[in-house]
Amino acid sequence: MSQPLEDKVALVAGASRGAGRGIAVELGAAGATVYVTGRTTRTRRSEYDRPETIEDTADLVTEAGGHGIAVPTDHLDPEQVRILVDRIADEQGRLDVLVNDIWGGEKLFAWDTPVWEHDLDKGLRLLRLAVETHAITSHHALPLLLRRPGGLVVEMTDGTAEYNRDTYRVNFFYDLAKASVLRMAFALGHELGPRGATAVALTPGWLRSEMMLDNYGVREDNWRDALDRVPHFAISETPRYAGRAVAALAADPDVARWNGESLSSGGLAQVYRFTDLDGSRPDAWRYLVEVQDAGKPADTTGYR
């Protein structure tokens, strides 16, 4: 099997579960050495109190054909991030791909709740976890990434710039967090492009993360059982789909053409011709606009 990233080193910040785990595994499948970070380990859980761990993710990376290395890291702590990057520099001497996927906000926001009624401490904590962590990680990691030309930074968010520009996303704090990450990729594009690196924002579609599957009371092997209650869930995708998007970007010698842009897993699948694990190509953001938000019955014909 071809491994176009076998000599590359990646850091996936926020890889305990969800899109971060899917990205780490697909980078591993392409042959990369992948440092996976997060706060949930086999000996200690974060406030999420979920069973997925960074060690499990590292094992999956190695099983996929790469080299997974788990490093417990709280990305709100600049010293921990500095130590992490120093370790990568000492062990590898390079960093080719940085994926900022730190989030941690699922339990901190209330749907359709105005800012003056929302819990302020939770809202500010969400912004720290979703925005400050990315800035801290970029500050420390980018000098190492810039040692060699061709580096790639992927800022993970929810929604494309076009969709989020015209759509109110959940509440004030959530909307601000996701817009901020999109703007981070734009700003990093301006700072990295002239220095030989590329920055993009990437959104998955309707993600079948571990938490989402649990919320609907299904597993990956029977996720369609949720469609009776949530018909538009038919457009959903696995975390590995976003992973294949990142792997395709990292292997593209012309990746600089995307610098500063907002991208989606479904959109990139049309360009790079990768598929989700079931062989389909869900195009969730086009579906959301043309079907779900338009009030039409669920029908994924032509969208996956």
State, without any angle test, whether Arg21 and Thr57 hold a side-chain donor-acceptor pair at a distance under 3.5 Å. yes
For Arg82, look at atom CZ and say whether over 12 heavy atoms of other residues, nucleotides or ligands are found less than 6.0 Å away. yes
Take Leu98 and Ser138 through the side chain to side chain contact (heavy atoms under 4.5 Å, CB included) test and state the conclusion after the steps. CA-CA 8 Å; Leu98 168 62; Ser138 291; 4.2 Å; yes
Any chance you could lay out the salt bridge (charged side-chain N to carboxylate O under 4.0 Å, His left out) test for Arg125 and Asp119, step after step, and finish with the verdict? CA-CA 10 Å; Arg125 171 73 173 170; Asp119 184 288; over 6 Å; no
Gly266 backbone acceptor or donor facing Gln270 side chain under 3.5 Å: yes
Nearest atoms (heavy-atom pairs only) where Arg273 meets Arg281: O-NH2, 2.8 Å
Arg39 and Glu47 ion-paired at < 4.0 Å: yes
When clusters are formed by joining ILVMFWY residues with side-chain heavy atoms under 4.5 Å apart, either directly or through shared neighbours, do Leu95 and Leu192 land in the same one? yes
Counting N and O atoms only, with roles assigned by atom type, does the side chain of Thr53 sit under 3.5 Å from a partner on the main chain of Thr41, one being a donor and the other an acceptor? no
Do Thr40 and Ser46 get their side chains close enough for a donor-acceptor pair, meaning under 3.5 Å? yes
Lys/Arg-Asp/Glu bridge criterion (N-O < 4.0 Å) met for Arg87, Glu91: yes
Identify the heavy atoms of Leu263 and Trp258 that sit nearest to each other, and give their distance. CD2-CE3, 3.4 Å
Kindly say whether Ile102 contributes a backbone atom to a donor-acceptor pair with the side chain of His134 at under 3.5 angstrom? yes
Would you say the rings of Tyr174 and Trp103 are close, in the sense that their centroids are separated by under 6.0 Å? yes
Looking at every heavy atom in both Ile69 and Gln92, which two are closest together, and how far apart are they? CD1-NE2, 4.3 Å
If two hydrophobic side chains count as joined below 4.5 Å and joins carry through other members, does Val36 share a cluster with Met211? no
So Thr198 and Val153, side chain to side chain contact (heavy atoms under 4.5 Å, CB included) or not? Walk me through it. CA-CA 6 Å; Thr198 298; Val153 178; over 6 Å; no
If you measure only the distance, is there a donor-acceptor pair under 3.5 Å linking the side chains of Asn100 and Glu155? yes
Judged by modelled atom types alone, do Glu26 and Tyr241 share a side-chain donor-acceptor pair under 3.5 Å? no
What residue among Leu129, Ile136, Thr37 forms side chain to side chain contact (heavy atoms under 4.5 Å, CB included) with His75? Thr37
Should we say atom CZ of Arg44 is surrounded by more than 12 heavy atoms from elsewhere, each under 6.0 Å from it? no
Test side chain to side chain contact (heavy atoms under 4.5 Å, CB included) on Ser265 and Glu237; report intermediate values, then the result. CA-CA 9 Å; Ser265 52; Glu237 63 195 54; 2.7 Å; yes
Can a donor-acceptor pair be found between the side chains of Thr62 and His67 at a distance below 3.5 Å? no
Just say parallel, tilted or perpendicular for the rings of Phe109 and Trp111, cut-offs at 30° and 60°. perpendicular
Under a 3.5 Å distance rule, please check whether Trp223 uses its side chain to pair with a backbone N or O of Tyr216 as donor and acceptor. no
Rounded to the nearest 0.5 Å, how far apart are CG of Leu268 and CG of Leu202? 6.5 Å
Should Val97 and Val9 count as side-chain neighbours, where that means a heavy-atom distance under 4.5 Å? no
To the nearest 0.5 Å, atom CD1 of Ile23 lies from atom CG of Leu249 at 10.0 Å
Cluster question for you: counting only ILVMFWY and a side-chain heavy-atom cut-off of under 4.5 Å, with indirect links fine, are Phe172 and Leu108 together? yes
Show the numbers, then the answer: is there a side chain to side chain donor-acceptor pair (under 3.5 Å) between Asp299 and Tyr287? CA-CA 9 Å; Asp299 182 1; Tyr287 176 91; over 6 Å; no
Inter-residue atom distance Leu124.CG - Glu132.CD, 0.5 Å rounding: 11.0 Å
Closest approach of Ala197 and Leu146, non-hydrogen atoms and distance? CB-CD2, 3.9 Å
Identified side chain to side chain contact (heavy atoms under 4.5 Å, CB included) partner of Leu84 from the options Val71, Asp77, Thr137: Val71
Which value, rounded to the nearest 0.5 Å, describes the distance between Ser209 atom OG and Asn215 atom CG? 7.5 Å
Where the side chain of Asn222 meets the backbone of Asp225, is there a donor-acceptor pair that is under 3.5 Å apart? no
Rounded to the nearest 0.5 Å, what's the gap from CG on Leu182 to CE on Met156? Could you check? 11.0 Å
Residue pair Ser236, Arg208: steps toward the side chain to side chain donor-acceptor pair (under 3.5 Å) verdict: CA-CA 6 Å; Ser236 65; Arg208 290 201 303 276; 3.0 Å; yes
Calculate, to the nearest 0.5 Å, the distance between atoms CZ and CD belonging to Arg17 and Glu210 respectively. 7.0 Å
Under 4.0 Å between a side-chain nitrogen and a carboxylate oxygen: does that hold for Arg286 and Asp283? yes
Does CD belonging to Glu220 count more than 12 external heavy atoms closer than 6.0 Å? yes
Would you call Arg147 and Asp96 a salt bridge, using N to O less than 4.0 angstrom? no
With side chain to side chain donor-acceptor pair (under 3.5 Å) as the criterion, how do Thr238 and Asp276 come out once you've worked through the C-alpha distance, each side chain's angles and the decisive distance to 0.1 Å? CA-CA 7 Å; Thr238 74; Asp276 205 348; 2.5 Å; yes
Identify whether Val61 and Val99 are in the same connected component of the hydrophobic contact network (ILVMFWY, side-chain heavy atoms under 4.5 Å). yes
Nearest atoms (heavy-atom pairs only) where Gln80 meets Pro72: OE1-O, 4.3 Å
Quick check: closest heavy atoms across Phe173 and Asn171, and the distance to 0.1 Å? N-OD1, 2.9 Å
Could you walk me through whether Thr167 and Arg169 satisfy the side chain to side chain contact (heavy atoms under 4.5 Å, CB included) test, starting with their C-alpha distance in whole Å, then the side-chain angles of each, then the deciding distance to 0.1 Å, before giving a yes or no? CA-CA 6 Å; Thr167 308; Arg169 302 303 310 280; 4.0 Å; yes
Between Asp252 and Arg257 (salt bridge meaning N to carboxylate O under 4.0 Å), is one present in this structure? yes
Between Asn164 and Ala179, is there a donor-acceptor pair closer than 3.5 Å when you use the side chain of the first and the backbone of the second? no
Treating Tyr303 as the side-chain partner and Glu290 as the backbone partner, does any N or O pair qualify as donor plus acceptor under 3.5 Å? no
